[in-house]
Structure formats: C-alpha cells, structure tokens
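Note sheet for the following structure.
Keep in mind the model is a prediction, meaning the values are calculated, not measured.
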Amino acid sequence: MNSTVCNKIFQKAINDYHLINVVDCVINNPFPANTLDELLYLKCWIDTVQWHMEDIVRNPDISPDEGLNWKRRIDISNQQRTDVVEFIDSYLLDKFKEVKPLESAKINSESPAWVIDRLSILALKIYHMKEETRRDGACEEHQKNCLEKLKVLLLQQTDLCKSLDELIEDISIGVKYMKVYKQMKMYNDPSLNPVLYNAGK
C-alpha cells in the first residue's frame, strides 16, 4: 500500500461519482470485498458525496427545514467517514502486527489512515480546483487565481504522498509504530450528548 495506489483509487471514485453527479446515487464499488482497495474507494466516495452535500447546504435560498435535513445527513456522513478511517487503521494494524518496533521507535502524531483521509480530501480539492480553472463563464482573473491555488494543492499532494510513504515504510521496518485512538465522537452518541440524553425530560 502506498500513496500512488491511494491516489489512483481516489481518482477513480471521484470520476465514477461525477459520471452521475447526484448525491443519492448508489455506490458501485469495483473492488473485492474486505480488501484495502475497497475501503479506500469507499472512503473517497463518502468524501465526494459529502463534498456536494456541503455545497448544497450553503445555498442562501435553502429553507431552514431543508438545511437542517442536509446538516443531519452531513453528520451521518461524517460518522461514516470516521468509521472507514478506523477500519483502514485496523487493517494496517493487522498487516504490521508481526513487526517488532525498535527500542528507539517513535510514534507518529497521526495514524496512517488519517493521513490517507487528508489525501482523499486533497484529491477532491484538486479535482474541483481544476474544474474552476476551465469553468465556462469564469473571468480570466478567476481562472488565473485558481491556477495558482491548484499549483499549491499539487505541491501539497506531493509532500503529503511522500510523508505517507515514509510513514508506512518506517512502520514496516520498526522505526515507527502504530498506536490508534478511536475518535470517540460524543455528539452522535445518545449516552454522551446532553441534548440527546435530556430530550423528553
């Protein structure tokens, strides 16, 4: 598993979504079940759908009821996104379970799957910024500004890919080790969110 594989799968998920470009379209994951590739495709698909839900909810003419409905859907999507990230980390923990960390091994500030999460979002930013550089009706200044932003995003992608590949390599040889903390989101949990557990009292 490396950044090149991730980016290819992310690009496929983004391209597949935009063939239909409807937030309620059904995912058709082309990768075998219970594989890392399946999880990577699912991760980027969720991100892509949520990207477009975030666009919709920012419509200034949206009604309060409709806006609330989209906000709740985005909350559900965020939880699904977090779940998939944790599935990816669980997969990698199992993959490297036989690696014995060196005595000098260090822990990274974030797990590989959360780096992969950032890489998926970055792929979406690049896709949509490219769209803006050639959007019909956009003025020349807008296109120029978007080209400059695109250069920064592409540089960021290069750096993040290098960081992910180095992290995976370091874990595989015991220079670094994985230690995953579950996100433990509280606002979606009826037993932890006071608004939810006090409802109806």
Do the side-chain N and O atoms of Q11 and N7 include a donor-acceptor pair separated by under 3.5 angstrom? no

Could you tell me whether the side chain of N69 and the main chain of D65 form a donor-acceptor pair under 3.5 Å? no

With a 4.5 Å limit on heavy-atom distance, are the side chains of Y127 and N15 in contact? yes

Decide yes or no for C6 and M1: does some side-chain heavy atom of the first lie under 4.5 Å from some side-chain heavy atom of the second? yes

Between CD1 of I171 and NZ of K95, what distance do you get to the nearest 0.5 Å? 11.0 Å

From H128 atom NE2 to H52 atom NE2, the distance as rounded to the nearest 0.5 Å: 3.5 Å

Residue list, side chain to side chain contact (heavy atoms under 4.5 Å, CB included) with V152, at least two apart or on another chain: none

In this structure, are over 12 heavy atoms from other groups packed under 6.0 Å from R134 atom CZ? yes

Rounded to the nearest 0.5 Å, how far apart are NZ of K125 and CD1 of I121? 7.5 Å

Looking only at atom types and distance, does a side-chain atom of S90 sit under 3.5 Å from a main-chain N or O of E86, one as donor and one as acceptor? yes

Is the closest side-chain heavy-atom distance between L122 and L153 below 4.5 Å? yes

Taking only Lys NZ, Arg NE, NH1 and NH2, and the carboxylate oxygens of Asp or Glu, determine whether E110 and R118 approach each other closer than 4.0 Å. yes

Among T35, D16, N28, which one satisfies side-chain hydrogen bond (donor to acceptor under 3.5 Å, both in side chains) with Y41? D16

Could you state whether L92 and F10 fall into the same hydrophobic cluster, counting links through intermediate Ile, Leu, Val, Met, Phe, Trp or Tyr residues with side-chain heavy atoms under 4.5 angstrom apart? yes

Is it the case that atom CG in N34 sees more than 12 heavy atoms from other parts of the structure closer than 6.0 Å? no

Carboxylate-amine/guanidinium contact E54 R58, below 4.0 Å: yes

May I have the step-by-step check of salt bridge (Lys or Arg N to Asp or Glu O under 4.0 Å) for D75 and R72, ending in yes or no? CA-CA 5 Å; D75 281 347; R72 286 176 172 163; over 6 Å; no

R73 bridged to D24 by N-O distance under 4.0 Å: yes

N-O pairing of R135 and E132 below 4.0 Å: yes

In plain terms, say whether D165 and K162 are close enough for a salt bridge, that is, a side-chain N and a carboxylate O under 4.0 Å apart. no

Are the side chains of L36 and F31 in contact, using a 4.5 Å heavy-atom criterion? no

State, to 0.1 Å, how close P30 and K12 come at their nearest heavy-atom pair, and which atoms those are. CG-CE, 3.6 Å

Would you compute the distance between atom CG of N108 and atom CD of E166 and round it to the nearest 0.5 angstrom? 10.5 Å

Which atoms form the tightest heavy-atom contact between C25 and W45, and what is the distance? SG-CZ2, 3.6 Å

Measure the shortest side-chain to side-chain distance between S77 and V49 over non-hydrogen atoms and say whether it is less than 4.5 angstrom. no

One should read off an interatomic distance between K149 NZ and T133 OG1, to the nearest 0.5 angstrom, of 12.5 Å

Distance from D117 atom CG to K43 atom NZ, nearest 0.5 Å? 3.5 Å

H18 side-chain N/O to I14 backbone N/O, donor-acceptor pair under 3.5 Å: yes

Looking only at heavy atoms, which two atoms of P32 and E38 are closest? And how far apart? O-CB, 3.3 Å

Answer yes or no: is there a side-chain heavy-atom contact under 4.5 Å between W114 and L119? no

Specify the closest pair of heavy atoms between I107 and K179, including all atoms of both residues, with the distance to one decimal. CD1-CB, 3.2 Å

